[in-house]
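No hydrogens, no waters, no symmetry mates; every other heavy atom, side chains included, goes into these values. Note that the numbering runs from 1 along the sequence shown for the chain.
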Amino acid sequence: MKKILAAILASAMIAALTACGGTAPTAAETTTKAATTTTTAATTTTTTAATTTTAAETTTAAEPEEEPASANVYPDIEYMINMDSEIAEVIMLYGTQTDAVAEMNNDIQVEVYDRISAFEEAWSSDDEYPYWLNAFAYSFTDDVYIQIYNTYIEYPTYGYSGQLFGFVYDITNDNYVTLEETLDLNGTTKVDLEQEIADVYNSEYAPDYADTVDVKAFNYTYNGEYYVLSYLMELTVIHEQTLDEPHHMLWAYTPEFGELYELNRDQLFDPSTVDQYDPPLHGQEGSADSMSDPAEDYTGDSPAGHLSGRYFIDGDTAAASFEFSNSTTVDAYVGSGSYETSYSIGRFDDMEGTDDNGDTVYISCFNLFDENGDHAYIILAPQNVPDAFDLYTADEEFVATCQKAE
């Protein structure tokens with residue numbers, strides 16, 4: 001593998017290590033950052049009754065039953081920018097602008113759009129701005145609900161999976177459904193629900209424990225008979241081996257089944273189930289960024305579902321090791337297994353190479369950042385949960401080959 005990695009490192013590493021900088025593109029200038037922006041205008045359809053007249057009589061056709069205003073409400077892309085190191089997406093409600101629609105759009109504007117705008121203003125005013133943004137949007141639409149979700153995270157980051165937002169519109173009742181309303185309808189409060197979630201986590205994952213639980217949104221999934229309610233949250237946990245390093249992650253909880261599970265910050269939902277837009281958003285089928293088939297087309301910002309378990313440097317268990325336990329960080333150990341530190345996982349690129357037999361192989365490049373946000377290591381690894389990867393310094397000097405523990 002080293003031979004393949006050495007051959008592709010020089011040409012591919014520049015793109016993999018470059019964080020965004022420079023000024024934002026405008027209509028009047030061209031910069032080195034190619035950006036695509038999509039704005040969709042609302043459409044309105046008006047239907048009038050038909051009138052038929054004959055010589056003998058005049059007949060007015062019966063007017064059709066009037067559809068509720070909410071029947072003409074639909075989600076669409078409000079804003080979209082996709083660059084080599086920044087993705088920002090906003091979905092809003094279009095069509096008939098009822099009071100409920102306007103209220104939900106206003107919350108999306110404040111919570112998501114304004115947050116993105118503030119970042120881009122800072123980014124465009126500083127050629128050396130050291131951060132880059134991933135703000136992903138998803139939506140689900142059926143005959144009853146329009147559900148819109150957003151994640152927001154600035155890189156590099158350490159032990160942090162970003163912010164989560166959710167917005168639900170009830171089409172049949174023209175109602176913007178809030179989290180508080182949903183909690184009340186289900187006979188609970190935010191405090192009680194968060195305690196219930198903490199208890200479930202502590203029971204299932206002891207000796208790790210939930211430090212803070214912050215329920216942010218909810219989701220309805222139709223199972224063919226009824227809607228199953230799940231709550232989405234930001235969960236900070238303390239791991240037994242990293243008591244001084246809390247990890248912030250995104251999780252979901254389904255009270256009906258008592259199920260608690262971690263979400264992937266880079267692919268919150270199955271891309272085949274979300275609304276499909278053209279051009280495609282990051283998290284839907286057909287997107288160059290979609291992780292719909294990790295085995296064949298894995299792209300994103302973290303090795304979730306890719307690298308897993310513990311890898312020892314040169315197979316020497318007494319030297320050092322890296323353990324990939326979640327989609328946010330990798331923990332480093334020294335000696336016989338003593339915890340040393342954690343690194344946050346930065347962006348990576350997929351690269352294509354050829355092995356000694358002339359067969360095509362695919363390599364993923366990960367960047368690790370220390371707790372100060374400094375670029376510490378580069379990992380080059382074959383795709384599809386490899387048995388080994390090569391470790392480099394941030395200056396592209398080879399360190400060692402890390403073998404996966406048996």
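The main-chain N or O of Leu281 is never found under 3.5 Å from a side-chain atom of Gln276 such that the two would form a donor-acceptor pair. Judged by distance alone, with hydrogens and angles left aside, the side-chain atoms of His375 form no donor-acceptor pair with the main-chain N or O of Ala394 at under 3.5 Å. Between the Asn202 side chain and the Ala210 main chain, a donor and an acceptor come within less than 3.5 Å of each other. One N or O on the side chain of Gln267 and one on the backbone of Gly283 form a donor-acceptor pair closer than 3.5 Å. Although no hydrogens or angles enter the test, the distance criterion places no donor-acceptor pair under 3.5 Å between the side chain of Thr236 and the main chain of Thr212. Here the side chain of Ser125 pairs a donor or acceptor atom with the backbone of Ala122 at under 3.5 angstrom. No donor-acceptor pair under 3.5 Å is formed between the side chain of Gln147 and the backbone N or O of Tyr145. For the pair Gln284 (side chain) and Pro271 (backbone), a donor-acceptor distance under 3.5 Å is absent. Side-chain atoms of Thr96 do not come within 3.5 Å of backbone N or O of Thr98 as any donor-acceptor pair. In terms of modelled atom types and a separation under 3.5 Å, the side chain of Thr254 and the main chain of Phe257 share no donor-acceptor contact.
Put simply, the side chain of Ile148 reaches to within 4.5 Å of the side chain of Met104, judged on heavy atoms. Contact of the Tyr160 side chain with the His247 side chain is not registered, since no non-hydrogen atoms from C-beta on lie closer than 4.5 Å. By the 4.5 Å heavy-atom criterion applied to side chains, Asp76 and Ile91 are not counted as neighbours. Contact of the Tyr220 side chain with the Thr182 side chain is registered, since non-hydrogen atoms from C-beta on lie closer than 4.5 Å. Asp214 is listed as a side-chain neighbour of Glu194, based on a closest heavy-atom distance under 4.5 Å. In this structure the side chain of Val237 reaches within 4.5 angstrom of the side chain of Met249, judged on heavy atoms. Residues Tyr138 and His282 have side chains in contact (heavy-atom distance under 4.5 Å, counting atoms from C-beta outward). Between Ile313 and Phe322 there is a side-chain heavy-atom pair separated by less than 4.5 Å.
Across Lys190 and Val215, no two heavy atoms sit closer than the pair CE-O, 3.1 Å. Considering every non-hydrogen atom in both Asp142 and Ile171, the closest pair reads O-CD1, 3.3 Å. Minimum interatomic distance between Met233 and Ala252 (heavy atoms only, all atoms of both residues): CE-C, 3.8 Å. Ala388 approaches Gln403 most closely through the heavy-atom pair CB-OE1, 3.6 Å. Taking both residues in full, the closest heavy atoms of Pro156 and Trp132 are given as CD-CZ3, 3.8 Å, listed atom of the first, atom of the second, then distance. The shortest non-hydrogen separation linking Leu263 to Trp251 is CD1-O, 3.7 Å.
Thr221 meets the side-chain hydrogen bond (donor to acceptor under 3.5 Å, both in side chains) test with Asn219; sequence neighbours excluded. Under the side-chain hydrogen bond (donor to acceptor under 3.5 Å, both in side chains) criterion, Gln195 pairs with Asp199, not counting sequence neighbours. For Phe140, the ring pair (Phe, Tyr, Trp, His ring centres under 6.0 Å) partners are Phe269, not counting sequence neighbours. Residues forming a ring pair (Phe, Tyr, Trp, His ring centres under 6.0 Å) with Tyr222 (at least two apart in sequence, or on another chain): Tyr227. In this structure Ser139 satisfies the side-chain hydrogen bond (donor to acceptor under 3.5 Å, both in side chains) test together with Asp275, Tyr277, sequence neighbours excluded. With sequence neighbours excluded, no residue forms a ring pair (Phe, Tyr, Trp, His ring centres under 6.0 Å) with Tyr176.
Under 3.5 Å, the side chains of Thr188 and Asn186 contain no donor-acceptor pair of N or O atoms. For Glu103 and Tyr169, the side-chain atoms include no donor-acceptor pair closer than 3.5 Å. In summary, the side chains of Glu181 and Asn175 do present a donor paired with an acceptor at a separation below 3.5 Å, with no hydrogens or angles considered. When only modelled atom types and interatomic distance are considered, Tyr152 and Glu154 share a side-chain donor-acceptor pair under 3.5 Å.
Separation of atoms OG1 (Thr151) and CG (Leu232) is listed at 11.5 Å; rounding is to 0.5 Å. The CG atom of Leu229 sits 10.0 Å away from the CG atom of Leu185 when rounded to the nearest 0.5 Å. The CD1 atom of Ile378 sits 10.0 Å away from the CD atom of Glu397 when rounded to the nearest 0.5 Å. Atom OH of Tyr149 is separated from atom CG of Leu268 by 9.0 Å, given to the nearest 0.5 angstrom. Atom CG of Leu193 and atom CG of Leu183 lie 6.0 Å apart (nearest 0.5 Å). In this structure, CD in Glu121 is found 14.0 Å from CD1 in Ile116, a value given to the nearest 0.5 Å.
Salt bridge annotation for Asp331-Arg310: absent, with no cationic side-chain nitrogen under 4.0 angstrom from a carboxylate oxygen.
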Check the pair Arg265, Phe136 against side chain to side chain contact (heavy atoms under 4.5 Å, CB included), reporting the backbone distance first and the verdict last. CA-CA 9 Å; Arg265 68 180 181 186; Phe136 302 143; over 6 Å; no
Side chain to side chain donor-acceptor pair (under 3.5 Å) between Ser272 and Asp270, worked out: CA-CA 5 Å; Ser272 66; Asp270 182 342; 2.9 Å; yes
Candidate pair Asp170 and Thr172, rule side chain to side chain donor-acceptor pair (under 3.5 Å), full reasoning: CA-CA 6 Å; Asp170 180 346; Thr172 57; 2.7 Å; yes
Could you please spell out the steps behind the side chain to side chain donor-acceptor pair (under 3.5 Å) verdict for Asp114 and Ser117? CA-CA 5 Å; Asp114 290 351; Ser117 297; 5.0 Å; no
Intermediate values then yes/no, side chain to side chain donor-acceptor pair (under 3.5 Å), Tyr94 and Glu78: CA-CA 9 Å; Tyr94 283 82; Glu78 171 72 18; 2.4 Å; yes
Apply ring pair (Phe, Tyr, Trp, His ring centres under 6.0 Å) to residues Tyr155 and Tyr131 and explain how you reach the verdict. CA-CA 5 Å; Tyr155 292 100; Tyr131 307 104; over 10 Å; no
Can Tyr209 and Tyr201 be said to form a ring pair (Phe, Tyr, Trp, His ring centres under 6.0 Å), step by step? CA-CA 7 Å; Tyr209 64 91; Tyr201 183 91; 8.7 Å; no
Take Leu260 and Ile197, measure what side chain to side chain contact (heavy atoms under 4.5 Å, CB included) needs, and give me the verdict at the end. CA-CA 8 Å; Leu260 184 64; Ile197 292 169; 3.9 Å; yes
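Heavy atoms of other residues, nucleotides or ligands lying less than 6.0 angstrom from CD of Glu340 number more than 12. Around the CG atom of Asn223, the shell of radius 6.0 Å holds more than 12 heavy atoms that belong to other residues, nucleotides or ligands.
Ring pair Phe369/Tyr343: centre-to-centre distance not below 6.0 Å.
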